[in-house]
Amino acid sequence: MTEKLTGELLVERMTEKERGIAARVESVLPALRAGAEKADASGEFPLENIALLREAGLFGLIVPEKYGGLGGTLRDLAAAAFALGTACPSTALCFFFHCSTASRGLLGLEAIEAGLFTDEVEAKQVRAFGEKLLTKMGSGRFLANFASEEAKSATSAVLISTEATPVEGGWLLNGTKSFGCSTGVADEYLVQAKIKDSTDLNGLSIFFVSSKAEGVSERAHWDSIGMRATATHGIILKDVFVKTEDAMTVPGAFLKMMQMSRGSYVGNQLAVVCLYLGIANGVFDYTINFLSKLKFQDTGKSIFAESAFHQELVGHMAVDLETGFLWTRRQLELETSETPILPKNKVVEHWRLAKGTVCECAHNVAVNALKACGTSNTGNHGVIARGLRDLAMGLVQAFPAERGRIEAAKSIVTDTMQSGFAVAEKK
């Protein structure tokens with residue numbers, strides 16, 4: 001029987017091609033796992049992991065083969081994120097955000113094929129930008145994705161206030177991006193900004209920005225509860241020049257692209273919960289291995305086999321882990337089935353419920369692991385304590401479970417859902 005790959009614990013019934021991609025991911029896990037604790041302790045992104053992932057061809061995992069990638073799908077990305085999460089969660093999160101940039105190219109090309117761009121000039125610009133993006137990723141360029149900002153909106157998940165002003169030969173970008181992995185370590189940033197004086201999503205545009213471009217600086221050093229080695233400092237953009245050919249500024253293009261995703265607004269978001277599930281799976285495996293070696297000193301009997309207290313905790317962990325697997329696999333099926341199972345609004349509704357449920361279940365696994373393994377596992381850099389901190393990020397990243405349930409309830413009752421993006425109005 002062929003040995004099961006880590007990614008196959010989540011993504012079942014892999015094809016031969018999917019197993020080949022999963023094997024590439026498997027090949028980097030030992031090195032990632034070996035350096036994970038040091039990276040967490042230092043709070044610094046492990047630069048050696050960039051070369052490791054690049055040499056394995058994984059930066060092009062979700063890029064079509066015609067652009068130099070592996071031709072993977074969301075199933076491959078889900079399996080990869082899960083497997084990487086079991087080894088080095090910080091690197092897994094950075095890898096996810098790198099891969100998430102591919103949607104800005106893939107969805108644009110799909111929108112052209114679907115006939116959403118009737119103007120040939122606009123279609124040509126969208127195609128050129130999309131192909132440039134995918135070619136960069138396929139050639140091994142490491143990208144960071146900068147959309148989120150500190151400003152909040154009652155009507156959208158992400159409010160964009162960063163502005164792009166037209167100048168001769170291109171654009172000047174000004175604004176602050178508060179959240180984005182791989183600050184200062186990625187080769188390039190993919191930055192979302194609104195065209196100056198635009199008042200709606202038709203002005204939302206995308207720009208390539210070199211991480212070393214003049215006018216780009218980092219915000220305060222990232223020092224978080226969890227995912228400490230992701231270099232999530234965020235960036236400040238002050239009169240950053242971007243050439244015309246490095247911008248996708250077709251009015252309404254981003255809206256048309258979002259129409260093409262099967263599930264979440266910009267596609268591939270499912271993979272982020274897969275990495276949290278991977279962390280929880282790693283914590284569970286560690287707990288079982290730790291408890292199986294413990295014995296009562298007075299009787300010599302196995303604590304794991306004899307203690308109802310520990311069995312109760314492990315039982316809860318098993319239920320939470322399996323619940324996470326079930327919700328994730330269902331969302332993956334909804335977003336990848338050849339024939340759509342549900343309309344998009346229902347798939348997004350399920351995603352709103354799934355994201356929070358999976359992340360809360362994953363965090364519960366770590367909480368009960370801490371209880372089961374006791375004070376000897378409270379060292380701040382041990383597997384359980386580190387997992388507990390890393391999994392805390394899933395409780396708040398993108399949106400908490402409570403917000404997801406509220407949005408899903410609104411959708412069920414009124415058939416409306418909060419917008420994914422909005423642009424800030426000029427004051």
Closer than 3.5 angstrom, by distance alone: can the side chain of K238 be matched with the main-chain N or O of V216 as a donor-acceptor pair? no

Just do the side chain to side chain contact (heavy atoms under 4.5 Å, CB included) check on I235 and V191 with the steps written out, would you? CA-CA 10 Å; I235 57 175; V191 175; 4.2 Å; yes

Working to the nearest 0.5 Å, report the span between CG of L5 and CE of M14. 6.5 Å

Applying salt bridge (charged side-chain N to carboxylate O under 4.0 Å, His left out), can you list everything that pairs with E322, at least two apart in sequence or on another chain? none

Side chain to side chain donor-acceptor pair (under 3.5 Å) with E335: which residues, sequence neighbours excluded? Q331

Closest heavy-atom pair and its distance - L29, A83: CD2-O, 3.5 Å

Determine whether S411 and K346 satisfy the following criterion, side-chain hydrogen bond (donor to acceptor under 3.5 Å, both in side chains), listing intermediate values before the conclusion. CA-CA 8 Å; S411 176; K346 291 299 180 182; 5.2 Å; no

For R330, check side chain to side chain donor-acceptor pair (under 3.5 Å) against everything at least two apart and list the hits. E333

Hey, is the main chain of F325 close enough, under 3.5 Å, to the side chain of T328 for a donor-acceptor pair? no

Please name the pair of heavy atoms, one in T162 and one in T176, separated by the smallest distance, quoted to 0.1 Å. OG1-N, 3.7 Å

Heavy-atom donor-acceptor pair, E110 side chain to L107 backbone, under 3.5 Å: no

I need the C88 SG to L32 CG distance, nearest 0.5 Å. 6.0 Å

Would F208 and F129 count as a ring-ring contact (aromatic ring centres under 6.0 Å, His included) if you check the C-alpha gap in whole Å, the side-chain angles of each, and the deciding distance to 0.1 Å? CA-CA 9 Å; F208 286 117; F129 186 88; 4.7 Å; yes

Between CD on residue E3 and CD on residue E8, distance to nearest 0.5 Å: 10.0 Å

Evaluation steps, side chain to side chain contact (heavy atoms under 4.5 Å, CB included), between K355 and W327: CA-CA 8 Å; K355 186 271 171 186; W327 274 92; over 6 Å; no

Is R352 close enough and on-axis enough to F399, meaning under 6.0 Å and within 45°, for cation-pi? yes

For residues F179 and W222, report the shortest heavy-atom separation together with the two atoms involved. CE1-CH2, 4.3 Å

Go through the structure and list residues passing salt bridge (charged side-chain N to carboxylate O under 4.0 Å, His left out) with R24, not counting sequence neighbours. none

Any donor-acceptor N or O pair under 3.5 Å, side chains T183, E218: no

Report yes if some heavy atom in the side chain of L201 is under 4.5 Å from a heavy atom in the side chain of L255; otherwise report no. yes

As a quick check of understanding, evaluate side chain to side chain contact (heavy atoms under 4.5 Å, CB included) for Y276 and Q397, giving each step before the final call. CA-CA 11 Å; Y276 289 118; Q397 188 184 0; 2.3 Å; yes

State whether the side chain of R219 and the backbone N or O of G234 hold a donor-acceptor pair below 3.5 Å, judged by distance alone. no

Worked verdict on N49 versus T91 for side-chain hydrogen bond (donor to acceptor under 3.5 Å, both in side chains): CA-CA 7 Å; N49 290 352; T91 298; 2.8 Å; yes

Are the side chain of R262 and the backbone of L334 linked by a donor-acceptor contact shorter than 3.5 Å? yes

For the side chain of S182 and the backbone of V185, is there at least one donor-acceptor N/O pair under 3.5 Å apart? no

Between N145 and S100, is a side-chain hydrogen bond (donor to acceptor under 3.5 Å, both in side chains) present by the stated rule, with each step listed? CA-CA 8 Å; N145 191 354; S100 74; 3.0 Å; yes

Less than 4.5 Å apart, side chain to side chain, heavy atoms only: is that true for I206 and F254? yes

Table please: side-chain donor-acceptor pairs of residues 240-248 below 3.5 Å, with sequence neighbours left out.
| from | atom 1 | to | atom 2 | distance (Å) |
| --- | --- | --- | --- | --- |
| T244 | OG1 | G169 | O | 3.1 |
| T244 | OG1 | G170 | N | 3.4 |
| D246 | OD1 | K132 | NZ | 2.9 |

Going by atom type alone, with no hydrogens or angles, which donor-acceptor pairs under 3.5 Å involve a side-chain atom of residues 380-392 and a protein atom two or more places apart or on another chain?
| from | atom 1 | to | atom 2 | distance (Å) |
| --- | --- | --- | --- | --- |
| H381 | ND1 | D40 | OD2 | 3.3 |
| R389 | NH1 | D40 | OD1 | 3.2 |
| R389 | NH1 | I225 | O | 3.4 |
| R389 | NH2 | D40 | OD2 | 2.8 |
| R389 | NH2 | N380 | O | 2.8 |
| D390 | OD1 | M227 | N | 2.9 |

Within this structure, what is the OG-CG distance for the pair S198 and L204, rounded to the nearest 0.5 Å? 8.0 Å

Check ring-ring contact (aromatic ring centres under 6.0 Å, His included) between F96 and all other residues, then give those that pass, not counting sequence neighbours. none

Test side-chain hydrogen bond (donor to acceptor under 3.5 Å, both in side chains) on T230 and T232 and set out the steps. CA-CA 5 Å; T230 57; T232 308; 2.5 Å; yes

Donor-acceptor pair, distance only, cut-off 3.5 Å: does the side chain of H98 make one with the backbone of A144? no

So the ring pair (Phe, Tyr, Trp, His ring centres under 6.0 Å) pairs with at least one residue in residues 11-52 (sequence neighbours excluded) are none

Solution key, residues 58-72 side-chain donor-acceptor pairs under 3.5 Å, sequence neighbours excluded:
| from | atom 1 | to | atom 2 | distance (Å) |
| --- | --- | --- | --- | --- |
| E65 | OE2 | K17 | NZ | 3.4 |
| Y67 | OH | E131 | OE2 | 3.1 |

Heavy-atom donor-acceptor pair, R329 side chain to L10 backbone, under 3.5 Å: yes

Tightest non-hydrogen contact, residues R228 and A41, listed as NH2-O, 3.9 Å

Distance col, row K371:NZ vs N377:CG, nearest 0.5 angstrom, shows 15.0 Å

Whether K177 side chain and Q192 backbone form a donor-acceptor pair below 3.5 Å: yes

Check L53 against V28 and note the closest heavy-atom contact, atom names and distance. CD2-CG2, 4.3 Å

Rounded to the nearest 0.5 Å, how far does CG of D239 lie from CG of L173? 9.5 Å

Take L294 and L291 through the test side chain to side chain contact (heavy atoms under 4.5 Å, CB included) and record every step on the way to the result. CA-CA 5 Å; L294 295 183; L291 294 178; 4.1 Å; yes

Restricting to side chain to side chain donor-acceptor pair (under 3.5 Å), what partner residues turn up for E26, sequence neighbours left out? T6

Sequence neighbours excluded, which residues qualify as side chain to side chain donor-acceptor pair (under 3.5 Å) partners of S205? none

Using modelled atom types only, decide if a donor and an acceptor are shared between the side chain of S211 and the backbone of D187 within a distance under 3.5 Å. yes

If every non-hydrogen atom of V11 is compared with every non-hydrogen atom of A78, which pair is closest and at what distance? CG2-CB, 4.3 Å

Listed by chain and number, what are the salt bridge (charged side-chain N to carboxylate O under 4.0 Å, His left out) partners of K136, not counting sequence neighbours? E188

